[in-house]
**Student:** 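Got a structure for you, written out below as structure tokens; questions coming shortly.
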Amino acid sequence: MLSNASALIKRLTTPLWRAALVGILLGALAGGLAFQTERQTEVTALIRLYQPLDPDQIITNSAPSAETQQSYVSGEIAYLNSQGFAYAVAKQLGGPPPGGITAVQDTQSAVVNMSAIEPDFAAAQRVIDAGIDVYRNHLQEQSRDRSQAAMRAIDEVIDQLQAAPGATPDQSQNDWSQVDGNSAAETSSTESDIAARVQQLQAQRAVIDVQTRRGAPFQVVQPATATDDDGMPSWWLGAMGGGLLGGLVAIAGATAWRRREGVMTTTTAVEAHIERVLLPAVRVDRLDKSSHSYTQLARSLYAQLPSPRSGCIVLMGASAQSGTADVAALIAAAVEEHEPVRVVHLADGSAAMYSLQSPLGLGAEAATIIDGGSVDSSPTLLEAARMADQIIVVAMLGHDVLESVKVAAHLAGRSGVPVSAICTTGRPTPTTAAIEVSGRRRHTIVTPSSGTLQQS
């Protein structure tokens, strides 16, 4: 069970892009689910604010400045984004406070962008309409309170002026006759000043009253309208972030697992135990025997072998998945350009060793390439190694562990013949026990179960 799990992990982490792909897919799935939210609709309304005339400005006959206008807009936006406004809208709607109503000033203008986010357009539109009604009532109430306070103050001043001495209209004629001419003129001037002041205050009061009746100082420029959602959905952002994180975690985990298990990833690890490592590494799942590159690779590997490059060459794998069959085919392709060659795959010990004792009519000068497999997969590998003129240790990068390479290198070194190494990558080709003859029109197959030779 543990060996099967280990083999599965090796397949997933060889090469690393497989582990990264699995991590990306799992991370994207988890991130997308984590950020999955219900579809929301955003509705926006534009309102233009007008700073109302303050009663003090009416009384002093002064106009608002640009600075006070901007300060007024900022204050109103603060109110529109407050909890009090949200609760007032909720009361208007008769439900819980809306969670997505906001107000933003459009640059430095008096136009305010009021928006609401709800599950559907109708719900968001109701929130915006309720917000506009609440804000209108709020402005009207503020204006009414300020104006009524100002008008009450004006009425008190008017009453005081009319009650002042010299302004009482029911004074007797006899009282006026007792003052001299200068006093009469002064009294007449005081009465006209008071009357003019009263008229002025009454005019200001009328203006304030008119201002109160004008309604809320704002205008709906754009009613509630659905906003086009051109942004990326939240689940997609979650999937991207989760995929990136999952890929990084998978690569880090696979690298840590390889280091812990001693999985080889470079030829340097092999060079520490076998002096002669033939280059380049062979990508066994990309080999095409009919291509020119295949022939070039075979010649390159063959040329790096120590002399003599004939006789019996045994390939010993660090594991059953090292790819010895593919490397044996490469070496044989180069050898057959110089002499007859036969390739023996030791998938079954007895039949293979029986066939090795037969030259198959090729003569003593024929070269023999033995795909020995690995120690754990081929019981007769050690017997074949004793017949070898040289041994090639094959190790799969990203799959074979360093301990297996040490064992193969140790067994090969005990034979007393030249030892080389070839590194492979990819997925090897499965093989069965057989003898392949090159250089002649003959192909002989060994049947392991019977131990007999079948010639064709």
Side-chain angles (χ1 to χ4, degrees), residues 11 14-15 17-18 267 277-305 308-348 352 355-356 359-363 365-374 377-378 390-400 420-448 453-456:
R11 284 197 297 270
T14 309
W17 66 264
R18 293 180 181 172
T267 58
V277 177
L278 311 186
L279 298 176
V282 179
R283 182 69 183 269
V284 294
D285 55 352
R286 296 287 182 86
L287 296 177
D288 182 6
K289 294 183 179 181
S290 61
S291 65
H292 180 64
S293 60
Y294 183 88
T295 304
Q296 286 183 322
L297 177 60
R299 291 171 180 172
S300 175
L301 295 175
Y302 177 70
Q304 298 176 62
L305 290 175
R309 301 184 183 90
S310 61
C312 182
I313 302 176
V314 175
L315 285 86
M316 180 183 299
S319 69
Q321 301 296 320
S322 297
T324 53
D326 297 284
V327 177
L330 277 169
I331 300 298
V335 172
E336 71 176 349
E337 294 181 343
H338 306 278
E339 58 182 326
V341 61
R342 62 177 177 176
V343 180
V344 179
H345 302 286
L346 300 185
D348 182 270
S355 63
L356 284 176
L360 300 177
L362 294 179
E365 72 281 1
T368 301
I369 309 299
I370 300 178
D371 167 20
S374 62
S377 65
S378 179
Q390 65 175 290
I391 297 176
I392 301 176
V393 176
V394 182
M396 176 74 72
L397 297 180
H399 180 276
D400 292 338
S420 306
I422 294 179
C423 295
T424 59
T425 60
R427 180 172 296 181
T429 303
T431 58
T432 57
I435 299 176
E436 299 176 6
V437 180
S438 300
R440 298 201 175 201
R441 294 183 179 179
R442 168 184 279 181
H443 186 70
T444 305
I445 302 297
V446 177
T447 305
L453 293 177
Q454 298 177 355
Q455 297 186 1
S456 60

**Student:** Assess whether a salt bridge exists between Arg283 and Asp285, defined as any Lys/Arg side-chain N lying under 4.0 Å from an Asp/Glu carboxylate O.
**Tutor:**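 So Arg283 pairs with Asp285 through a salt bridge.
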**Student:** Which heavy-atom pair separates Ser300 from Leu279 by the least distance, and what is that distance?
**Tutor:**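 Looking at all heavy atoms of both residues, the shortest contact is OG-O, 3.8 Å.
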**Student:** Go through the structure and list residues passing side chain to side chain contact (heavy atoms under 4.5 Å, CB included) with Ala298, not counting sequence neighbours.
**Tutor:**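 Checked Ala298 against side chain to side chain contact (heavy atoms under 4.5 Å, CB included); matches are Leu330, Ala333, Ala334.
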**Student:** Quick test of your reading: applying salt bridge (charged side-chain N to carboxylate O under 4.0 Å, His left out), list the pairs with at least one residue in residues 309-319, sequence neighbours left out, ordered by first then second residue.
**Tutor:**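 As it turns out, there is no salt bridge (charged side-chain N to carboxylate O under 4.0 Å, His left out) pair with a partner in residues 309-319 once direct neighbours are skipped.
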**Student:** Restricting to side chain to side chain donor-acceptor pair (under 3.5 Å), what partner residues turn up for Thr425, sequence neighbours left out?
**Tutor:**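 Residues passing side chain to side chain donor-acceptor pair (under 3.5 Å) with Thr425: none at all.
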**Student:** Measuring from Ile422:CD1 to Ile392:CD1, what's the distance to the nearest 0.5 Å?
**Tutor:**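 One gets 4.5 Å once the value is rounded to the nearest 0.5 Å.
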**Student:** Could you tell me the separation between the CG atom of Leu315 and the CD1 atom of Ile313, rounded to the nearest 0.5 Å?
**Tutor:**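 Leu315 atom CG to Ile313 atom CD1 measures 8.0 Å (nearest 0.5 Å).
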**Student:** Restricting to side chain to side chain contact (heavy atoms under 4.5 Å, CB included), what partner residues turn up for Arg299, sequence neighbours left out?
**Tutor:**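 Checked Arg299 against side chain to side chain contact (heavy atoms under 4.5 Å, CB included); matches are Thr295, Glu337.
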**Student:** Output all residues satisfying side chain to side chain contact (heavy atoms under 4.5 Å, CB included) with Gln296, sequence neighbours left out; order by chain, then residue number.
**Tutor:**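 Result, side chain to side chain contact (heavy atoms under 4.5 Å, CB included) vs Gln296: His292.
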**Student:** When rounded to the nearest 0.5 angstrom, what distance separates CG in Asp326 from CZ in Arg286?
**Tutor:**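 Result: 13.5 Å between the selected atoms.
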**Student:** Using side chain to side chain donor-acceptor pair (under 3.5 Å) as the criterion, list what pairs up with Ser319, not counting sequence neighbours.
**Tutor:**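 With neighbours one apart ignored, the set is Ser322, Asp400.
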**Student:** Mind listing the closest non-hydrogen atom pair of Tyr294 and Asp288 along with its distance?
**Tutor:**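 That would be CB-O, 3.0 Å.
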